[in-house]
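Beneath this line is the structure, given in structure tokens, with notes to follow.
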2 protein chains.
Amino acid sequence: MSVKYTSSTENYLKAIFHLQKSDGIVTTNDVANELQTRPASVTDMLKKLKAQKLLIYEKYKGFKLSNEGRKVALQIIRKHRLWEYFLVEKLSFGWDEVHEIAEELEHISSKKLIDRLDEYLGFPKSDPHGDPIPDSNGKFTLPKQVDLLNLPLNKVAEVSSIGDQSPEMLELLGDKGIALGTKLEVKKKFAFDNSLELKIKNQSMVTVSEHVAKNVFVKYDE
Amino acid sequence: MSVKYTSSTENYLKAIFHLQKSDGIVTTNDVANELQTRPASVTDMLKKLKAQKLLIYEKYKGFKLSNEGRKVALQIIRKHRLWEYFLVEKLSFGWDEVHEIAEELEHISSKKLIDRLDEYLGFPKSDPHGDPIPDSNGKFTLPKQVDLLNLPLNKVAEVSSIGDQSPEMLELLGDKGIALGTKLEVKKKFAFDNSLELKIKNQSMVTVSEHVAKNVFVKYDE
DNA sequence: ATTTAATTTTAGATTTGTCTAAAATTAATT
DNA sequence: AATTAATTTTAGACAAATCTAAAATTAAAT
Ligand SMILES: [Mn+2]
Ligand SMILES: [Mn+2]
Ligand SMILES: [Mn+2]
Ligand SMILES: [Mn+2]
């Protein structure tokens, strides 16, 4: 039967899950940095997670989520992303203002609530940032996508996901007229600094840096 | 500026508010009983609430909410009831299964979220149990209502609110076919035990005890 | 291979919210 | 009025989550 975890435990599991995705290996400092806390606090929590069999951990030797830990993390992520979808689609929030609120809502415990919400929303496949929403069993399908640097010239594509989702990045994208679902094509790539000129559908041309280009993912046919 | 309170603080304020409504005077034991905790824990919290100027309290002399405390309590109640309305109207929950979930959701802090939700729901005036929903400023209007014992014979009325909302009561009412909005009239009152015979619209006659009658409130014309 | 630096862990405190047991106060009974 | 009972508060403890400062371990640099 489904056990109840504290919000803190859930936040740690989620952070470790996300760090595992990108790096593979996760360190105490990584987690401290991600959760805006101190390394000593992280070590304390690692021991608790190990005691609950949510983490495989040997001191000084590193750690990773257990199967159970991964399972719990995926359910938190499911809740987070469904609430984000709800906020944008039903309550007309901007995609750049839902993360904080979802950070709280993801800890509401009722399984029935989240399954009803999923149904109410029409079983969406991805959240407002293009990230996949795990189903009730934790399964999800990664959409095939490339970043703008690897998008062929003059190929119309649709923005499907954003890598760096910092407020600064989202503000820049909003300003350039780039949102999830935006149709665009790369018109020119400058070899000098890998900056790109983009034609955004129904808008004028814009220029983006390599840093931005690497964090905007798109889907396109073929 | 809106200060952030802990869930525990919010639960205490809400409990004291509700106890104040019914009795007028509230005791340490009342609160302990309401929140399923110990009198010593209540005293601890009373001191904290006083320090935060949310409560007027002199030890051994009793206590009551300050204006600020009442204001905060009303905002929590607003959130609780709006979420209950959402769960019933949008996610098809039964009115007897939403309280627990709302007990968690009421602590989500975003003011913008709750105002957007209010708008999305069409600014409902009362929750699924017939209790009034305070507006963004904490104002609400009490619907004029009488309990079934005071409803004149053969007068068609509409169920508007339930006093005792225990699972046992809600189960009994569900079984008898009495829900919020149900149209009914009192056909007979037995002086012996104050039990009533009711004609419920589109159903057969049912009998209810005085205890039940005192906890079912109705609105009617004139 | 030592020495130095960075990382991680431990030791010991602190805050919040809770508890039990005992003391203080108020209320109720003889 | 004195005694007993109930209520409320204090004293001291504990679990959870955090912190700082110091120690242990591992990694990097001479
Ligand atoms: Mn969170
Ligand atoms: Mn997201
Ligand atoms: Mn609550
Ligand atoms: Mn209610």
Side-chain angles (χ1 to χ4, degrees), chain A residues 3-16 19-20 22-65 69 72-73 76 103-104 106-109, chain B residues 3-16 19-20 22-65 69 72-73 76 103-104 106-109:
Chain A
V3 192
K4 175 65 166 123
Y5 300 103
T6 67
S7 291
S8 186
T9 295
E10 293 182 343
N11 285 335
Y12 273 93
L13 291 175
K14 191 159 62 89
I16 296 169
L19 291 167
Q20 249 173 215
S22 38
D23 302 284
I25 194 78
V26 191
T27 70
T28 302
N29 272 343
D30 287 342
V31 178
N33 186 57
E34 176 80 11
L35 293 178
Q36 297 282 68
T37 185
R38 294 294 173 177
S41 308
V42 174
T43 302
D44 288 341
M45 181 56 88
L46 295 181
K47 289 192 280 195
K48 288 174 201 158
L49 293 176
K50 183 188 182 181
Q52 292 177 276
K53 298 191 188 304
L54 297 169
L55 194 72
I56 295 158
Y57 167 57
E58 294 302 331
K59 65 177 174 176
Y60 291 114
K61 298 286 186 64
F63 52 89
K64 63 179 183 190
L65 293 179
V72 175
I76 308 304
E103 202 59 44
E104 287 184 55
E106 71 189 359
H107 304 293
I108 302 295
S109 58
Chain B
V3 193
K4 176 59 167 129
Y5 300 104
T6 67
S7 290
S8 186
T9 295
E10 293 182 343
N11 285 335
Y12 273 93
L13 290 175
K14 189 159 64 89
I16 295 169
L19 291 166
Q20 250 173 215
S22 39
D23 302 285
I25 194 79
V26 191
T27 69
T28 302
N29 272 343
D30 287 341
V31 177
N33 186 59
E34 176 80 9
L35 293 179
Q36 299 282 69
T37 186
R38 295 294 173 176
S41 309
V42 174
T43 302
D44 287 341
M45 182 57 88
L46 295 181
K47 289 192 281 194
K48 288 173 201 160
L49 293 176
K50 184 188 182 182
Q52 294 176 274
K53 300 190 186 304
L54 296 169
L55 194 73
I56 294 156
Y57 168 57
E58 292 301 330
K59 65 177 173 176
Y60 291 115
K61 299 286 187 61
F63 52 89
K64 64 178 183 190
L65 293 179
V72 175
I76 308 303
E103 204 57 46
E104 287 184 54
E106 71 189 0
H107 304 292
I108 302 295
S109 58

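Reminder, nothing fancy here: chain letters follow the sequence lines and each chain counts from 1.
- Taking every heavy atom of both residues into account, A:Ile16 and A:Val26 meet most closely at O-CG2, 4.2 Å.
- A straight line from CE of A:Met45 to C1' of C:dT10 spans 17 Å, rounded to a whole angstrom.
- The nearest whole Å value for the distance from the NZ atom in A:Lys50 to the C1' atom in C:dT9 is 13 Å.
- We find that NE2 of B:His107 is positioned 12 Å from P of C:dG17, with the value rounded to whole Å.
- Salt bridge status for A:Glu103 with A:Lys14: present, with a side-chain N to carboxylate O gap under 4.0 Å.
- Contact check for B:Thr28 versus B:Phe63: side-chain heavy atoms found under the 4.5 Å cut-off.
- Contact annotation: B:Tyr57 side-chain N/O to D:dT9 OP1/OP2 distance is under 4.0 Å.
- We find that CD of A:Glu58 is positioned 11 Å from P of C:dT9, with the value rounded to whole Å.
- Residue B:Thr43 places no side-chain N or O under 4.0 Å from the OP1 or OP2 atom of D:dT8.
- What separates CG of A:Asp44 from C1' of D:dT20 is a distance of 12 Å, to the nearest Å.
- Here D:dC19 presents its P atom at 10 Å from CD of A:Gln36, a figure rounded to the nearest Å.
- Of the side-chain N and O atoms in A:Thr6, none sit less than 4.0 angstrom from OP1 or OP2 of D:dA16.
- Scanning all heavy atoms of the two residues, the minimum distance from A:Ala32 to A:Pro39 falls at CB-N, 3.7 Å.
- Regarding contacts with the backbone of C:dT18, a side-chain N or O of B:Tyr12 is found under 4.0 angstrom from either OP1 or OP2.
- A:Thr37 has a side-chain polar atom (N or O) that falls below the 4.0 Å cut-off from OP1 or OP2 of D:dC19.
- Between B:Thr28 and the phosphate of D:dT7, there is no side-chain N or O to OP1/OP2 separation shorter than 4.0 Å.
- D:dA17 atom C1' lies 12 Å from atom CG of A:Asn11, rounded to whole Å.
- The distance between atom CG of A:Leu46 and atom C1' of D:dA16, rounded to the nearest whole Å, is 16 Å.
- Between B:Lys48 and C:dT16 there is no side-chain polar atom (N or O) within less than 4.0 angstrom of OP1 or OP2.
- Phosphate contact (OP1/OP2 of D:dT10, side-chain N/O of B:Lys59, threshold under 4.0 Å): present.
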Decide side chain to side chain contact (heavy atoms under 4.5 Å, CB included) for A:Lys64 and A:Leu55; before the verdict, give the C-alpha distance in whole Å, the side-chain angles of both, and the deciding distance to 0.1 Å. CA-CA 6 Å; A:Lys64 63 179 183 190; A:Leu55 194 72; 5.7 Å; no
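- Comparing B:Thr27 and A:Arg38 along DNA chain D, the residue whose closest nucleotide (by nearest heavy atom) sits nearer the 5' end is B:Thr27.
- Applying the 4.0 Å criterion to OP1 and OP2 of D:dT8, one finds that B:Lys61 has every side-chain N and O outside that range.
- Considering only side-chain N and O atoms, B:Asn29 lies under 4.0 angstrom from the phosphate OP1 or OP2 of D:dT8.
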